[in-house]
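Every chain is numbered from 1, with letters handed out A, B, ... down the list of sequences. Just so you know, these numbers use all the heavy atoms, side chains as well, and skip hydrogens, waters and symmetry mates.
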Amino acid sequence: MSNVPGDLKYSKEHEWVRFDGKKAYIGITDFAQSELGDIVFVELPEVGAEIRVGDTFGTVESVKTVSDLYAPVTGTVVEVNEGLADAPERVNDDPFDTGWMIAVLVTNDNASDLLTGEQYKEHIND
Amino acid sequence: MGGDDKVLKRTPLYPLYAPYGARTIDFGGWEMPVQFREGIIAEHQAVRNSAGLFDVSHMGEIEISGPNALKTLQKIVTNDVSRMSESQAMYSPVCNDDGGTVDDILIYRLAEDRFLCVVNAGNIDKDYKWFTEHNSGAKIVNQSDEWALLALQGPKSQQIMDRVATPTVSHVAYYTFAQDIVIAGANCMVSRTGYTGEDGFEIYISRDQAKAVFEALLVAGSSLGLIPVGLGARDTLRLEARLPLYGHELRDDISPLEAGLGPFVKLDKGPFIGRNALVVQKANGLKRKIVGFILEDRGVARADCQVLAHGQPIGYVTSGTLGPALGKSIGLALIEADYARIGNTIQIDVRGKLLTATIVKTPFYKRNPAS
């Protein structure tokens, strides 16, 4: 069974969001990393990039496939997890912590549109 | 993920997938394990360093027998079957009239006038039709539903077989086979062949005994590091060893010469289907060739990505992945022969981004013969 921390918000595209004031940390869920298999490359935007809900903000490449990353919030990228360049396997090993991808300064609060942990669990069990 | 109502075929090993943590995919109409619990990279390394066990029962088996069996096969395949002695195995492309590739198969000479052809899962019906259409009086039987096929691959394969097989298969040399080998009470045909670039065996068994043999091998080999391996690692292993995959390096419109399989095309053996076209291709010089490349930039160039030189399209990627041995993205591409020089730089369009790659010598990985 996939791990779904209850204190995070989720998108249907399998990103998680941890709100910290106006800042939102974003990564992919345990379910997503498990579906992708061994991740070998993560392509992320640069600090300063503007992302909009639903747009792709990067790609995650596993041995077997490539998958787009969809922005769960709108805002400006203020931090990027540079560690993933050399250790993309962190997304597999620790998707909710050291496998985080970007932090965004949220300009348009859509938190209420995101799924709760319970709702996301239902979504992946469908 | 879900939602697809297509009924997929399953091998007799299917009930063991879940207990071993497999994730399955639709592979040419078959529900096959892309990986087991360990994941593609760990499974790849297990085969390189110790051993891995594959379920490849989706492969097809077509038997050609009778007084005209040799004559029929010689007409259908490009390699010279007359050179085979009993208990030998031979790899051969099968060509159409244009020199394109119908399939690439493994042939076992079971007896003087009896051959077993092992064909790609996706080509079983096409091959059976092709063989029967070009039959020169042999008996041709599609036995694909009767056989299960396991592949035990990796440097520890011999040691593992020693623990389960009677009599021993230690004398079975590369590309030969032995019949009536008993494993877990099952009568098996065992060949020293494979698709990983490592030493190893392929084990043919009747479907109802496949589970017992699969589990007996895993139990016998676990202390030596043997784990079940899925098709994901099978693909990265074969690609590092530059073994072609039908539908990628070989297709109805790609000739075995273009794919670099010249040694398996015996133009001097007498007439066979596709020979005339291949003779012309060889005489005029190849226009296209499959080459190996290593990506210099980060990313993975996958099948169908366009290849460019000086801004002009010169071909496309046939297979690409991250090569676990090198830790870099590797691949094969079919490109214009003029650009196919080792050391040349090419560009590959990976989802709209031009990445730089270098054409390199293949295989990307070669096992140490001493090991």
Side-chain angles (χ1 to χ4, degrees), chain A residues 1-2 4 10-15 28-46 49 55-70 80-95 99 101 120-126, chain B residues 1-3 21-27 32-46 229-240 245 295-305 317 319-331 348-353 355:
Chain A
M1 271 308 291
S2 297
V4 181
Y10 298 88
S11 72
K12 287 187 172 168
E13 288 79 28
H14 311 288
E15 281 83 24
I28 65 168
T29 64
D30 187 37
F31 174 80
Q33 70 76 18
S34 159
E35 287 293 311
L36 287 166
D38 293 323
I39 289 163
V40 294
F41 177 60
V42 182
E43 187 181 29
L44 298 173
E46 309 213 330
D55 286 355
T56 65
F57 70 88
T59 54
V60 52
E61 192 115 29
S62 69
V63 178
K64 65 182 185 229
T65 190
V66 58
S67 178
D68 284 323
L69 297 165
Y70 293 95
V80 173
N81 186 353
E82 306 287 353
L84 296 184
D86 291 322
E89 66 275 8
R90 281 185 199 165
V91 179
N92 289 120
D93 298 341
D94 195 14
M101 292 177 172
Y120 180 68
K121 260 187 209 167
E122 274 173 42
H123 174 61
I124 59 179
N125 288 328
D126 270 351
Chain B
M1 278 170 257
R23 181 179 301 283
T24 61
I25 50 157
D26 174 357
F27 184 84
M32 299 299 291
V34 63
Q35 64 173 69
F36 287 87
R37 193 167 286 119
E38 308 268 348
I40 294 175
I41 293 176
E43 290 168 20
H44 178 109
Q45 304 297 9
V229 179
L231 296 185
R234 189 171 167 81
D235 192 49
T236 55
L237 288 158
R238 70 92 193 165
L239 192 48
E240 278 188 352
L245 174 62
L295 212 56
E296 305 299 339
D297 293 320
R298 290 188 105 101
V300 181
R302 297 182 191 272
D304 300 328
C305 287
V317 174
S319 294
T321 187
L322 183 105
L326 296 164
K328 279 192 170 182
S329 179
I330 59 168
I348 302 180
D349 183 338
V350 179
R351 282 167 290 118
K353 222 184 243 180
L355 304 185

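- When heavy atoms are compared at a cutoff of 4.5 Å, V66(A) approaches chain B by way of both its backbone and its side chain.
- In summary, the side chains of D30(A) and Q33(A) do present a donor paired with an acceptor at a separation below 3.5 Å, with no hydrogens or angles considered.
- Salt-bridge formation is detected for the pair E35(A)/R23(B): a Lys NZ or Arg NE/NH1/NH2 atom is positioned less than 4.0 Å from an Asp or Glu carboxylate oxygen.
- Between chain A and the residues R302(B), R351(B), R298(B), Q35(B), the largest count of heavy-atom pairs under 4.5 Å involves R302(B).
- Between chain B and the options K64(A), E43(A), E61(A), heavy-atom pairs under 4.5 Å are most frequent for E61(A).
- At a threshold of 4.5 Å between non-hydrogen side-chain atoms, the residues E240(B) and H44(B) count as touching.
- Using a 4.5 Å cut-off between heavy atoms, K328(B) makes no contact with chain A at all.
- Across I25(B), V300(B), T321(B), the residue that shares the most heavy-atom pairs under 4.5 angstrom with chain A is V300(B).
- Between the side chains of H14(A) and Y120(A), a donor-acceptor pair is found at a separation under 3.5 Å.
- At least one side-chain heavy atom of L84(A) sits less than 4.5 Å from a side-chain heavy atom of R90(A).
- Ranked by heavy-atom pairs under 4.5 Å with chain B, the first of V63(A), T59(A), N92(A), V42(A) is V63(A).
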